[in-house]
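Written out below as structure tokens is the structure these notes cover.
Whatever order the structure lists ligands and atoms in, that order sets their numbers, starting from 1.
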Amino acid sequence: MKLLIINGPNLNLLGTREPEIYGSQSFESYLQELREMLDGEEIEYMQSNHEGDIIDFLHGADCDGIILNAGAYTHTSLAIADAIAAIQIPVIEVHISNVAAREAIRHTSLIAPECKGTIAGFGLNSYFLAAQAFIMDPSLR
Ligand code: DQA
């Protein structure tokens, strides 16, 4: 199975960005572990700090499932929600932190209604759990 991880703004700084919230591991290092844990599955990775790039990644995706951490755009971007609605590939929303336990503005996700589901609060393993959801449930595809 081919999965695409898309990370949004500021997630390129994982490892050094607010480590008390997001941990001290870089995404590149986690990605290496994830690929080992999901041996046999193809994991593609894209990151951008720009809303339009994320929309272009969604439009251009060629895979069985997308794991999307839209960062702060989660809470603001109708355009990313529309892009998810516009494509046929299923999308799972992920967050490293438990957004429900944080500031009220983070409790709203504009993209959630267009996604198959949301996984939040398990640190970087939120990505592993989302990948498992795709692997274990073929009906998501
Ligand atoms: C985040 C949560 C968002 O509220 C925040 O803006 C991020 C990261 C997470 O993975 O916990 O950039 O998506």
Side-chain angles (χ1 to χ4, degrees), residues 1-137 139-141:
M1 162 171 236
K2 185 172 168 188
L3 298 175
L4 169 62
I5 296 174
I6 301 176
N7 272 347
N10 301 305
L11 294 166
N12 54 313
L13 298 182
L14 285 175
T16 57
R17 172 196 183 195
E18 299 181 274
E20 64 288 359
I21 299 175
Y22 300 113
S24 53
Q25 187 172 17
S26 71
F27 196 78
E28 287 68 21
S29 153
Y30 178 72
L31 188 60
Q32 207 173 321
E33 287 177 17
L34 187 68
R35 286 186 169 129
E36 283 163 21
M37 287 190 285
L38 299 174
D39 191 26
E41 315 296 340
E42 193 179 337
I43 314 289
E44 205 183 336
Y45 169 59
M46 295 176 176
Q47 190 276 331
S48 177
N49 294 321
H50 306 280
E51 188 175 21
D53 284 349
I54 295 166
I55 292 166
D56 289 343
F57 294 161
L58 289 162
H59 290 178
D62 177 18
C63 59
D64 301 305
I66 298 171
I67 297 168
L68 173 63
N69 186 345
Y73 286 139
T74 303
H75 318 297
T76 62
S77 181
L78 189 56
I80 291 177
D82 283 350
I84 297 167
I87 62 172
Q88 302 304 315
I89 303 169
V91 177
I92 294 178
E93 174 186 358
V94 300
H95 299 287
I96 297 162
S97 64
N98 180 5
V99 281
R102 298 183 63 192
E103 309 95 295
I105 186 100
R106 296 184 206 274
H107 299 178
T108 300
S109 169
L110 296 190
I111 67 171
E114 308 302 341
C115 293
K116 291 291 177 186
T118 301
I119 297 172
F122 298 97
L124 288 170
N125 277 323
S126 294
Y127 295 86
F128 174 75
L129 295 170
Q132 286 300 324
F134 277 125
I135 292 163
M136 292 175 74
D137 187 352
S139 72
L140 282 179
R141 281 173 245 160

How far is [atom] from the closest protein heavy atom, and which atom is that?
atom: atom 8 (C) of ligand 1; value: Tyr22 OH, 3.5 Å
atom: atom 4 (O) of ligand 1; value: His75 NE2, 2.7 Å
atom: atom 11 (O) of ligand 1; value: Ser97 OG, 2.6 Å
atom: atom 5 (C) of ligand 1; value: Arg106 NH1, 3.3 Å

Check: Thr74/Glu93 side-chain N/O donor and acceptor closer than 3.5 Å |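 On atom types as modelled, these side chains do not qualify, holding no pair under 3.5 Å.
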Leu140 and Ile92: CA distance, side-chain angles, deciding distance, side chain to side chain contact (heavy atoms under 4.5 Å, CB included) verdict | CA-CA 10 Å; Leu140 282 179; Ile92 294 178; 4.2 Å; yes
Could you tabulate the donor-acceptor pairs under 3.5 Å formed by side-chain atoms of residues 119-129, not counting sequence neighbours?
| residue | atom | partner | partner atom | Å |
| --- | --- | --- | --- | --- |
| Asn125 | OD1 | Tyr30 | OH | 3.2 |
| Ser126 | OG | His95 | O | 2.9 |
| Ser126 | OG | Phe122 | N | 3.2 |
| Ser126 | OG | Gly123 | O | 3.1 |
| Tyr127 | OH | Asn7 | OD1 | 2.7 |
| Tyr127 | OH | Asn69 | ND2 | 3.1 |

Residue-ligand contact Arg17/ligand 1, heavy atom below 4.0 Å =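 Judged by the 4.0 Å heavy-atom criterion, Arg17 does count as contacting ligand 1.
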Which heavy atom of Gln47 sits nearest a heavy atom of Leu11, and at what distance?
->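 Distance-wise, the nearest heavy atoms are NE2-N, 4.2 Å.
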Check each heavy atom of His95 against ligand 1 and say whether those closer than 4.0 Å belong to the side chain, the backbone, both or neither.
->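 It is both backbone and side chain that touch ligand 1.
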Which bit of His107 is near ligand 1, meaning a heavy atom under 4.0 Å away: side chain, backbone, both or neither?
->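 For His107, no heavy atom sits under 4.0 Å from ligand 1.
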Would you indicate which of Thr74, Ile96, Val99, Val94 comes nearest to atom 2 (C) of ligand 1 when only heavy atoms are counted?
->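 It is Val99 that holds the nearest heavy atom.
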Could you grab the distance from atom CD of Glu18 to atom CD1 of Ile96, nearest 0.5 Å is fine?
->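 These two atoms lie 11.0 Å from each other.
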For Ala85, side chain to side chain contact (heavy atoms under 4.5 Å, CB included) partners two or more places apart =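 Here the qualifying residues are Glu114.
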